[in-house]
Amino acid sequence: MSLLSPSKMALSQILKHSTRTLEIIHSSIHSSSSFPIISTISYGATTINSSQTSIQTTLPTHNFPSSLHLYPKSFCKKTIDNPDAFNHQIITADVDKLCKLISNHRDPSQLESLLNSTQIELSPALVLEVLKKLSNAGVFALSFFKWAEKQSGFKHTSDTYDALIEALGKIKQFKVIWSLVNDMKIKGVLSKGTFALISRRYARAKKVKEAVEAFERMEKFGLKPELCDYNRFLDTLCKSRQVECAHQLFDKMKNRKFKPDIKSYTILLEGWGQEMNPLKLDEVYREMKGDGFEPDVVAYGIIVNAYCKSKKYDQAINKFNEMRSNNLEPTPHIYCSLINGLGSEKRLSESLMFFELSKSCGHSPETPTYNAIVGSYCWSMQINDAFRVIEEMRECGIGPNSRTFDIILHHLIKGRRTEEAYNVFLQMRDEFGCEPSVSTYEIMVRMFCIEGRMDMATSVWEEMKDHGVLPGMHMFATLINGFCREKKLQDACKYFEEMLDMGIRPPAQMFNNLKRFLVDEGKEDVVTILTHRLEKLRTLLVVS
């Protein structure tokens with residue numbers, strides 16, 4: 001039992017945090033000292049006044065100055081040059097610690113005691129980052145959210161609620177989501193963005209009717225939609241590959257519930273461009289001009305990108321030239337579309353020409369543009385040239401990032417140069433200081449599964465979890481299918497159960513595949529157990 005009063009315990013936590021930044025402590029004293037506090041400090045619900053508090057403590061392993069002064073944005077009379085970066089480092093360390101703890105303990109019922117043992121001070125920023133990293137683990141996200149809610153002095157914000165809704169939306173837990181919406185309304189943190197998020201999750205689940213209903217329910221909660229909200233909803237439908245529905249809704253609502261602007265049209269242009277439907281694209285373009293809207297730089301960018309996706313590169317170049325003749329300066333995004341597209345056609349010299357043109361136009365170097373030229377070299381399997389571009393990125397201070405290496409890995413694996421790919425994967429962190437993303441890990445796990453190297457696939461998987469990165473549904477499916485092909489059904493079942501523990505509902509095809517292998521091995525009893533567990537998952541979150 002602690003002998004310190006609550007206020008002294010609070011101060012003790014502050015001092016505990018300070019040990020992370022010994023580089024800003026200058027001068028030394030005896031290991032046993034008194035710490036008079038000469039300013040007022042707020043810590044959670046506790047305020048410590050200089051005239052009331054002095055703590056006698058013994059610190060046998062660290063030397064501190066004889067008088068520790070805590071001022072706003074300063075420590076030991078030395079100003080922290082970038083307090084935001086300082087706070088970010090502390091938050092990042094705590095986020096990593098919490099995510100590693102959560103990802104390595106599969107039983108949600110044990111989480112509360114484990115989280116309590118961390119004694120980490122919560123802030124909305126920290127909780128938000130943890131929830132974002134738990135985006136692929138809805139059950140754990142909900143458990144962490146509820147635990148945070150119980151902590152003294154902490155209150156959830158609209159951002160933390162939205163982050164949880166995003167995680168739950170991925171596993172289609174819409175009943176729980178609407179319960180959270182009611183809670184947000186009561187607490188006064190409900191916003192239009194929440195409804196946009198819910199609509200997006202319905203749309204991605206191909207529940208278009210429910211997506212529309214979610215958007216319309218906004219008004220029932222006292223939030224009146226405006227033109228920007230309609231545009232955002234159209235964009236949600238288009239990005240969820242529901243462009244036909246978006247176009248129908250546009251026609252239905254046009255000039256009745258909202259008057260479209262040029263952004264409304266560019267959203268439809270982009271939707272049909274992503275669908276690689278030039279006829280519909282041209283139809284929307286003509287309607288836009290008929291309504292008096294001349295294409296701006298955004299519209300041109302969308303059209304150029306759409307033509308590139310449809311492999312109509314000459315038309316894309318014509319639009320690029322038309323744009324410049326209209327005194328509109330192409331954006332880096334437009335150059336990126338042409339570099340990517342021409343590179344993928346192995347028209348490398350033209351791709352390089354647009355790359356050099358983008359640099360000569362005075363645009364600051366941007367990572368996506370450089371990634372596009374890395375991809376162009378990779379399409380022609382000029383990997384050494386791709387790494388030369390990476391060196392240029394480093395000199396410019398704009399990368400490389402995980403996407404840069406994902407591009408190289410993709411092409412190496414496609415060319416069956418798997419050993420090279422693994423070496424690049426090792427290099428990206430060790431030599432380039434670039435952390436792999438969940439996408440990078442997925443590429444490597446898939447590669448080893450295809451090669452039948454399940455030992456290496458699980459090794460990469462464990463490394464990923466050690467770094468606090470959580471797998472999604474597709475990555476689980478890749479690993480489980482790999483174990484099935486290798487007839488390692490015990491391992492397949494182990495990861496299937498881990499998938500269920502994280503609240504991720506498996507794809508039907510993958511589960512059917514696993515069941516077939518189990519039945520062939522005479523393990524019908526295991527099929528029954530797994531089926532029961534899957535059924536239980538459907539009510540797990542609602543019950544909790």
Side-chain angles (χ1 to χ4, degrees), residues 99-111 114 133-141 143 170-171 409 413 416 418-419 421-423 425-426 436-538 540:
C99 287
K100 285 177 186 177
L101 183 150
I102 292 167
S103 64
N104 288 321
H105 291 82
R106 291 169 50 185
D107 187 355
S109 65
Q110 297 178 1
L111 267 184
L114 288 168
K133 292 195 81 169
L134 295 176
S135 182
N136 289 326
V139 171
F140 288 129
S143 296
K170 288 184 178 181
I171 54 176
L409 291 171
I413 293 167
R416 297 184 179 279
T418 53
E419 289 300 323
Y422 185 57
N423 286 333
F425 172 71
L426 296 176
S437 67
V438 66
S439 171
T440 315
Y441 286 115
E442 187 170 353
I443 289 169
M444 297 309 299
V445 168
R446 186 186 303 115
M447 179 188 84
F448 284 122
C449 286
I450 291 170
E451 294 282 311
R453 294 289 309 278
M454 300 310 298
D455 56 335
M456 292 300 295
T458 52
S459 174
V460 172
W461 182 282
E462 291 306 318
E463 178 190 328
M464 172 189 69
K465 293 189 72 178
D466 285 344
H467 283 84
V469 178
L470 295 174
M473 177 188 73
H474 297 295
M475 197 170 178
F476 268 111
T478 298
L479 190 67
I480 293 165
N481 284 331
F483 277 121
C484 286
R485 283 192 299 271
E486 296 300 312
K487 302 291 181 66
K488 296 182 176 180
L489 300 184
Q490 186 173 349
D491 289 314
C493 291
K494 170 191 164 186
Y495 286 100
F496 184 83
E497 290 198 88
E498 183 176 331
M499 185 181 190
L500 298 183
D501 287 336
M502 288 177 63
I504 300 174
R505 192 174 298 176
Q509 185 176 356
M510 182 269 279
F511 186 42
N512 289 336
N513 188 44
L514 176 59
K515 286 193 292 185
R516 179 169 54 81
F517 275 98
L518 287 168
V519 169
D520 289 346
E521 292 290 319
K523 299 183 182 298
E524 290 87 352
D525 56 332
V526 178
V527 172
T528 303
I529 293 168
L530 294 180
T531 303
H532 176 70
R533 280 219 57 194
L534 182 56
E535 289 296 323
K536 188 178 177 183
L537 176 64
R538 292 174 183 168
L540 176 63

- If every non-hydrogen atom of C449 is compared with every non-hydrogen atom of R485, which pair is closest and at what distance? O-NH2, 3.7 Å

- Item | Residue pair T531 / F511: nearest heavy atoms and the distance that separates them | OG1-CZ, 3.7 Å

- Intermediate values then yes/no, side-chain contact (heavy atoms from CB on, under 4.5 Å), C493 and L530: CA-CA 8 Å; C493 291; L530 294 180; 4.0 Å; yes

- Message: Would you compute the distance between atom OG1 of T528 and atom CG of L518 and round it to the nearest 0.5 angstrom?
- Response: 10.0 Å

- Item | Pair R453 + D455, salt bridge at N-O below 4.0 Å | yes

- Message: A side-chain contact here means heavy atoms from C-beta on lying under 4.5 Å apart; do V519 and E524 qualify?
- Response: yes

- Message: Could you measure the distance from the CE atom of M499 to the CG atom of N136? Nearest 0.5 Å is fine.
- Response: 10.5 Å

- Message: L470 and side-chain contact (heavy atoms from CB on, under 4.5 Å): which single residue from M502, K133, M464 fits?
- Response: M502

- Message: Show the nearest heavy-atom pair for residues I504 and P471, with the distance to one decimal.
- Response: CD1-O, 3.9 Å

- Message: Can you give me the closest heavy-atom contact between G452 and E486, atom names plus distance?
- Response: CA-OE2, 3.6 Å

- Step by step, would you call R505 with I171 a side-chain contact (heavy atoms from CB on, under 4.5 Å)? CA-CA 6 Å; R505 192 174 298 176; I171 54 176; 5.7 Å; no

- Just wondering, more than 12 heavy atoms not from K523 lying within 6.0 Å of its NZ? no

- Message: Walk me through whether R533 and F496 qualify under side-chain contact (heavy atoms from CB on, under 4.5 Å).
- Response: CA-CA 10 Å; R533 280 219 57 194; F496 184 83; 6.0 Å; no

- Between T418 and E451, does a side-chain contact (heavy atoms from CB on, under 4.5 Å) hold up when you go through it step by step? CA-CA 9 Å; T418 53; E451 294 282 311; 3.7 Å; yes

- Message: Nearest 0.5 Å, please: how far is CG in N513 from CZ in R516?
- Response: 5.0 Å

- Item | Gap between atom NZ of K488 and atom OG1 of T458 - 0.5 Å precision | 8.0 Å

- Item | Atom pair CD1 (I450) and OG1 (T478), whose distance is rounded to the nearest 0.5 Å | 8.0 Å

- Say you draw a straight line from CG of L500 to CD of E498; how long is it, rounded to the nearest 0.5 Å? 10.5 Å

- Message: For E442, is there an ion pair with R446 - N to carboxylate O distance below 4.0 angstrom?
- Response: yes

